Structure formats: structure tokens, C-alpha cells
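Worth saying up front: this structure is predicted, and the values here are computed from it rather than measured. To find a chain, count down the sequence lines: A is the first, B the second, and so on, and within it residues start at 1.
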Amino acid sequence: MPSTPHPIAATTLPLAEWYRGAARDLPWRRREFHDEYAAWGTLVSEFMLQQTPVNRVIPHLEAWLARWPTPRALAAASPADVVHQWANLGYPRRALWLHRAAIEITDRHDGVVPRDVDALLKLSGIGDYTARAVAVFAYGDRHPVVDTNTRRVLARAVLGQAQPGSPSRRDLDLMDAMLPVDDADAAVFNAAAMELGATVCIARAPRCEACPLIETCAWVAAGRPDTGDTRRRQAAFEGSDRQARGAVLRLLRDAAPRAVLLETVLPEWPDPLQRDRAIDSLIADGLAEADGEMLSLPR
DNA sequence: AAACCGGGGCA
DNA sequence: TGCCCAGGTTT
């Protein structure tokens with residue numbers, strides 16, 4: 001008669017087995033991807049995946065890496081080319097951060113993406129998630145990797161709550177306590193938790209009937225209570241400054257490499273003050289550049 | 001801790 | 001229409 005399964009094994013083993021059979025075939029999970037681009041490929045993919053869904057990232061990722069296959073190659077590019085190549089991925093400041101990170105990697109790390117989490121955290125645009133994702137998925141080290149999917153899986157399977165609370169260090173601590181001891185097993189556990197949250201334990205209508213953790217899930221055991229959505233509603237996009245910024249930047253991308261006359265930038269925009277505010281903020285962010293009466297992508 | 005930052009897909 | 005997305009930075 002075997003003893004009661006270790007609480008970690010109770011989730012680790014079914015999750016790992018499920019992942020072997022259910023993991024999507026994504027570019028950054030292929031052997032050739034790592035052979036060709038090493039940790040740089042993982043880093044670029046993680047930048048693009050920050051708040052942009054997987055399916056929208058894939059074509060952009062391949063085009064980006066084909067053009068700039070190393071940190072040194074990207075570091076030598078102009079900001080204008082970088083912002084233009086980023087296209088409509090959204091949150092264009094990420095493009096500048098990635099460019100800056102490439103320069104930092106070239107200057108401070110001899111063109112090699114660092115392996116150390118603290119070194120990764122010092123790079124532009126890299127926070128808790130991305131630093132650990134690179135260390136784990138590119139280098140195979142043992143760290144907790146916690147994204148929005150993992151936080152939801154932990155909230156339900158472990159804490160018995162329908163939705164995660166606001167992000168905090170506790171997420172990392174909890175995931176750290178659950179990680180298998182072995183490096184490779186820990187990496188699979190990290191990836192599997194994210195995959196489960198992305199494909200089964202999804203935000204709106206979780207597919208519990210397909211979940212490998214249904215036997216031990218605290219939320220299911222509690223009768224799937226609606227514990228209330230603690231997240232904050234995002235402000236409306238229509239009529240927002242973000243929409244104005246996006247419209248200006250799209251115009252600059254379409255005109256590139258040429259500059260445009262300031263007077264010709266969204267002359268019909270409903271709120272001229274908002275348009276001017278958008279232009280100023282883009283310049284402040286380094287996403288646009290003014291030269292006299294002309295506006296363009298940053299040189 | 002909260003605000004800000006794009007854009008598209010889907011119910 | 002509202003919700004969601006392999007987050008990070010700034011205040």
C-alpha cells in the first residue's frame with residue numbers, strides 16, 4: 001500500500017504527463033529554434049509575448065529573427081527600423097526596450113544573453129517574468145516562472161479561488177515551493193502550468209473536464225465558487241489617449257522612411273488637443289522625432 | 001497599489 | 001460591447 005502521494009507529486013506528475021501529450025507546437029519549443037537563435041530567440045519571443053497573444057506573435061517573431069538573428073545585429077539597427085518592424089504588435093515601447101536590451105547585451109555581456117536572473121533583471125524591459133522565462137526556457141535553470149496563466153492555475157488548483165488576486169511576490173514564492181527538485185522537471189512544470197492556463201484553465205469558461213488536475217483542484221473541490229473578480233477594468237480604448245498614440249504611430253510607420261508635415265498628422269482627429277498630446281508623448285517616449293515642422297520615426 | 005501603455009479576437 | 005492576452009515601468 002503506497003503512502004499518500006507527496007503534495008507536490010500530486011500535481012507535478014499528472015501535469016507533466018498531460019503536457020507531453022497536449023503541448024502546442026510553438027516555434028520557441030522547437031529544437032531548431034534554440035539551435036539557430038539560442039537564448040536570443042527566447043528573449044525576443046518573451047518580449048513579444050508581453051501582453052500580446054501567441055498566435056499574433058508567431059509571424060512577427062519569425063520575421064524579426066530573420067532580420068536580426070543576434071543581439072549584436074539588433075543593436076546596430078536604427079530605432080526607426082526597430083519601431084517599423086514592430087508593426088502593429090502593440091505597446092511599441094517594448095520595441096525600444098528590446099532594442100536597448102540588445103545594446104546592453106552587446107556592450108555589457110559581449111553579445112551573449114546573460115543567464116543569471118539578476119543580470120537579466122537589469123536589462124531594459126525585463127521584469128520578474130521575462131528574466132526567469134529566459135533563464136528557464138533558454139538555459140534550463142531552475143526558477144519559478146509565473147505569468148498570468150500560471151497565476152490563474154495556482155489561484156484555482158491550490159488556493160480555491162476563481163481568479164487570481166493582484167500580482168505579488170507571493171505568486172513567485174508559491175510557485176517556487178511547488179517546483180520539482182530536478183532542473184529539467186522544473187522547467188517542464190513551469191511550461192506546463194502556463195500551457196494549462198492558456199488552453200484548459202482559461203479565464204472565462206475553464207474546460208475542467210479536460211484538466212489533469214481535476215482530482216486535486218481546490219476550486220473544483222469547493223464547487224467552483226465565484227470568488228469575485230478582483231481585477232480592475234481597463235479604461236475604454238475608444239477615444240483614449242492610447243488610441244490617439246496608436247493612430248499617430250501607424251501614420252508614421254506608413255510614411256516611413258519619410259517624415260511628414262506636422263499639419264498633416266490626423267488633421268481630422270476629433271480632439272486636436274488629444275492629438276497634440278499624443279504626439280508629444282510619443283516624442284517623450286522616443287517613439288517619434290520632431291525636426292522643425294516635420295515628424296518621423298526616431299532616427 | 002494604481003495608472004499607464006495597443007491592438008485584435010472572441011463570446 | 002466587454003473581456004482577455006507568456007508584463008513592465010512609472011508615480
message = List the residues meeting side-chain hydrogen bond (donor to acceptor under 3.5 Å, both in side chains) with Glu104(A), not counting sequence neighbours, and say none if there are none.
response = Ser124(A)
Polar pairs (N or O, both sides) under 3.5 Å between protein and nucleotides 8-11 of chain B?
| unit_1 | atom_1 | unit_2 | atom_2 | d |
| --- | --- | --- | --- | --- |
| dG8(B) | OP1 | Asn88(A) | ND2 | 3.1 |

note = What residues 60-71 of chain A contributes to the DNA chain C interface at heavy-atom separation below 4.0 Å is none
task = Return the value, rounded to whole Å, for the distance between atom CG of Asp241(A) and atom P of dC4(B).
result = 9 Å
ask   = Rounded to whole angstrom units, what separation is found between the CD atom of Glu46(A) and the P atom of dC5(C)?
value = 16 Å
note = Looking only at dA6(C), dC4(C), dG7(B), the nucleotide nearest the Arg253(A) side chain is dG7(B)
inquiry  = What's the gap between dA11(B) and dA6(C) when it is taken at their P atoms, as a whole Å value?
reply    = 15 Å
task = Let me know the distance between CZ of Phe33(A) and C1' of dA6(C), rounded to the nearest Å.
result = 13 Å
Pairs where residues 74-103 of chain A contributes a residue and the test salt bridge (charged side-chain N to carboxylate O under 4.0 Å, His left out) is met, not counting sequence neighbours = Arg67(A)-Asp81(A)
ask   = With sugar-phosphate meaning primed atoms plus P, OP1 and OP2, does Val145(A) contact a base, only sugar-phosphate, or nothing at under 4.0 Å between heavy atoms?
value = nothing
request  = Ignoring the backbone of Arg242(A), work out which of dC5(C), dG6(B), dA6(C) is nearest its side chain.
outcome  = dG6(B)
query = What interatomic distance, in whole Å, is found between P of dC3(C) and the corresponding atom of dA3(B)?
reply = 16 Å
request  = Quickly work out the Gln163(A) CD to dC3(C) C1' distance and round it to whole Å.
outcome  = 11 Å
Pairs flagged by salt bridge (charged side-chain N to carboxylate O under 4.0 Å, His left out) wherever residues 243-258 of chain A is involved - sequence neighbours left out = Arg245(A)-Asp285(A)
inquiry  = From CZ of Phe137(A) over to P of dG7(C), roughly how many Å is that when rounded to an integer?
reply    = 12 Å
request  = Quick one: list whatever passes side-chain contact (heavy atoms from CB on, under 4.5 Å) with Pro206(A), sequence neighbours left out.
outcome  = Arg156(A), Cys208(A), Trp219(A), Arg224(A)
key: From CA spacing to verdict: side chain to side chain contact (heavy atoms under 4.5 Å, CB included), His99(A), Trp86(A)   = CA-CA 11 Å; His99(A) 187 216; Trp86(A) 194 258; over 6 Å; no
Heavy-atom donor-acceptor pair, Arg29(A) side-chain to dA6(C) base, under 3.5 Å = yes
inquiry  = Just so I know, are the side chains of Pro272(A) and Arg275(A) near enough to count as touching, which here means a heavy-atom distance under 4.5 Å?
reply    = yes
inquiry  = Can you tell me whether the side chain of Thr52(A) and the base of dG6(B) have a donor-acceptor pair closer than 3.5 Å?
reply    = yes
query = Taking CG from Leu49(A) and C1' from dG7(C), how many angstroms apart are they, rounded to a whole number?
reply = 11 Å
remark   = side-chain hydrogen bond (donor to acceptor under 3.5 Å, both in side chains) filter on Asp25(A), not counting sequence neighbours, yields Arg30(A)
task = With sequence neighbours excluded, tell me which residues meet side-chain contact (heavy atoms from CB on, under 4.5 Å) with Arg115(A).
result = Tyr139(A), Asp141(A)
inquiry  = Going by side-chain contact (heavy atoms from CB on, under 4.5 Å), name the residues that satisfy it together with Pro167(A), two or more places apart in sequence or in a different chain.
reply    = Arg151(A), Asp171(A)
message = Roughly how many Å apart are dG8(B) and dG8(C), using the P atom of each and rounding to a whole number?
response = 23 Å
Short N/O separations, protein against nucleotides 8-11 of chain C, under 3.5 angstrom:
| unit_1 | atom_1 | unit_2 | atom_2 | d |
| --- | --- | --- | --- | --- |
| dG8(C) | OP1 | Gly127(A) | N | 3.0 |
| dG8(C) | OP1 | Thr130(A) | N | 2.9 |
| dG8(C) | OP1 | Thr130(A) | OG1 | 2.5 |
| dG8(C) | OP2 | Tyr129(A) | N | 3.2 |
| dT9(C) | OP1 | Gly125(A) | N | 3.1 |

ask   = Is Tyr91(A) isolated, or which residues cluster with it under the ILVMFWY side-chain rule of less than 4.5 Å, directly or via members?
value = none
inquiry  = Just to verify, what does Thr130(A) make a side-chain hydrogen bond (donor to acceptor under 3.5 Å, both in side chains) with, not counting sequence neighbours?
reply    = Gln50(A)
inquiry  = Less than 4.5 Å apart, side chain to side chain, heavy atoms only: is that true for Thr12(A) and Val188(A)?
reply    = no
